[in-house]
Asks: 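Submitted below is the structure of interest, expressed as structure tokens.
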Amino acid sequence: MDETPQTKHAPASAAFDWLAHAQQEPQQAHREWTERGAALLPLGTRFNAVCLSARIVHAGAGTTDFDIVTRTLAELLDGPVIHNNPQQMYYALTDPYPPARWAYGYQAAMLGSGQFLSVPAADLTGPVGLHWAVRPSAVGALCPVPAVAALVAIGTRTGGDR
């Protein structure tokens with residue numbers, strides 16, 4: 001199939017349609033993905049996001065190598081992770097969870113209700129700009145909160161909190 005500018009960033013799977021339904025008007029998310037390459041989605045209903053500094057992620061993975069970090073995140077977190085390369089931040093998408101109960105707020109803030117996240121289009125897989133480090137694999141498949149907590153603990157223990 002030929003890729004036209006109109007379809008370049010079109011969501012490729014049901015998982016992205018599920019993410020789009022975080023908005024009251026899911027078609028708005030689809031339009032943003034098509035026109036801008038990213039959609040601004042509200043958090044706290046379908047999913048939350050944990051902000052992970054590149055320092056914590058790289059310390060937890062034991063490397064800064066893009067391919068190894070990506071494989072490590074996929075294995076450890078078993079869910080979708082966004083990388084904002086210019087900001088040196090990763091965002092692990094998790095089940096909605098009360099941010100006040102998140103034990104690692106100082107090292108890795110949990111974003112939830114009342115906050116928004118720029119979510120890249122399905123085809124943005126890096127390594128530069130806003131992209132998927134780990135793409136969503138299935139409808140509703142998110143990073144387990146305990147797995148994200150373990151990564152933060154490992155990353156801060158091995159020097160990612162400096």
Side-chain angles (χ1 to χ4, degrees), residues 8-13 15-16 18-23 28-97 99 102 104-137 141-145 147-156 158-162:
K8 181 178 180 195
H9 297 292
S13 71
F16 283 86
W18 183 84
L19 289 173
H21 277 79
Q23 289 190 353
Q28 177 63 30
H30 290 288
R31 270 192 303 280
E32 290 175 21
W33 280 321
T34 300
E35 296 170 5
R36 298 183 188 106
L40 191 62
L41 299 182
L43 300 171
T45 304
R46 286 202 171 238
F47 59 93
N48 280 7
V50 176
C51 305
L52 302 163
S53 70
R55 279 187 190 184
I56 288 175
V57 170
H58 295 162
T63 184
T64 60
D65 180 89
F66 176 76
D67 293 328
I68 295 171
V69 168
T70 298
R71 284 194 306 271
T72 301
L73 288 172
E75 185 177 307
L76 292 178
L77 300 185
D78 193 32
V81 180
I82 296 167
H83 184 208
N84 189 328
N85 199 6
Q87 293 181 357
Q88 291 298 302
M89 293 296 293
Y90 291 82
Y91 298 90
L93 304 188
T94 68
D95 286 317
Y97 186 86
W102 172 244
Y104 295 95
Y106 177 73
Q107 299 94 338
M110 178 174 282
L111 305 178
S113 188
Q115 296 175 302
F116 293 81
L117 183 67
S118 289
V119 175
D123 63 338
L124 297 180
T125 55
V128 296
L130 181 69
H131 64 271
W132 290 103
V134 181
R135 287 184 48 175
S137 60
L142 298 166
C143 300
V145 171
V148 178
L151 175 63
V152 173
I154 292 166
T156 55
T158 58
D161 60 345
R162 294 185 199 143

Asks: For the CG atom of Leu43 and the CE atom of Met110, what is their distance to the nearest 0.5 Å?
Replies: 10.5 Å

Asks: To check you understand the geometry: which heavy-atom pair defines the closest contact between Pro80 and Ala141, and what is its length?
Replies: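 What the structure gives for the nearest pair is CD-O, 3.2 Å.
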
Asks: Using the rule side chain to side chain contact (heavy atoms under 4.5 Å, CB included), only one of Tyr90, Trp102, Tyr104 pairs with Val50; which is it?
Replies: Trp102

Asks: Output the distance between atom CG (Leu124) and atom CZ (Arg135), rounded to the nearest 0.5 Å.
Replies: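 Between Leu124 CG and Arg135 CZ, I get 9.5 Å after rounding to 0.5 Å.
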
Asks: Check each of Thr94, Asp95, Leu19 against Phe47 using the side chain to side chain contact (heavy atoms under 4.5 Å, CB included) test, and report the only one that passes.
Replies: Leu19

Asks: Where is the tightest heavy-atom contact between Thr125 and Ala122, given as atom of each residue plus distance?
Replies: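 What the structure gives for the nearest pair is CG2-O, 4.1 Å.
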
Asks: Test Val57 against Leu73 for side chain to side chain contact (heavy atoms under 4.5 Å, CB included), laying out the working first.
Replies: CA-CA 8 Å; Val57 170; Leu73 288 172; 4.0 Å; yes

Asks: Using atom types as modelled and distance alone, determine if a side-chain donor or acceptor of Gln115 lies under 3.5 Å from a backbone N or O of Gly112.
Replies: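 Pair found, side chain donor or acceptor close to backbone of Gly112.
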
Asks: Using every non-hydrogen atom in the two residues, find where Cys143 and Val81 come nearest and quote the distance to one decimal.
Replies: SG-CG2, 4.1 Å

Asks: Find the distance between CG (Asn48) and CG (Leu117) and round it off to the nearest 0.5 Å.
Replies: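 So the gap between those two atoms works out to 10.5 Å.
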
Asks: Can you tell me if Gln88 uses its side chain to pair, donor with acceptor, with the backbone of Asn85 under 3.5 Å?
Replies: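 Yes: the side chain of Gln88 pairs with the backbone of Asn85.
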
Asks: Atom CZ of Arg71 and atom OG1 of Thr63: how far apart are they, to the nearest 0.5 Å?
Replies: 9.5 Å

Asks: What about Trp18 and His21, are their ring centers closer than 6.0 Å?
Replies: no

Asks: Between Thr64 and Val69, is there a side-chain heavy-atom distance shorter than 4.5 Å?
Replies: no

Asks: Of all the heavy-atom pairs spanning Pro96 and Arg46, show the shortest one and how long it is.
Replies: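 In terms of heavy atoms, the two residues are closest at CD-O, 3.4 Å.
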
Asks: Check for a donor-acceptor pair, side chain of Ser118 on one end and backbone N or O of Ala38 on the other, with a separation under 3.5 Å.
Replies: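 No.
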
Asks: So, does Gln107 use its side chain to make a donor-acceptor pair with the main chain of Ser53 at under 3.5 Å?
Replies: no

Asks: Ala29 and Gln23: which non-hydrogen atoms are nearest, and at how many Å?
Replies: N-OE1, 3.2 Å

Asks: How long is the gap from CG on Leu111 to CG on Leu93, to the nearest 0.5 Å?
Replies: 10.5 Å

Asks: In Å and rounded to the nearest 0.5 Å, what is the CG to CG distance from Leu76 to Leu151?
Replies: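 The CG atom of Leu76 sits 6.0 Å away from the CG atom of Leu151.
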
Asks: If every non-hydrogen atom of Ala59 is compared with every non-hydrogen atom of Gly155, which pair is closest and at what distance?
Replies: CB-O, 3.4 Å

Asks: Would you find a donor on one side and an acceptor on the other, under 3.5 Å apart, between the side chain of Trp132 and the backbone of Pro120?
Replies: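 Yes; judged by distance alone, with no hydrogens or angles, the pair exists.
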
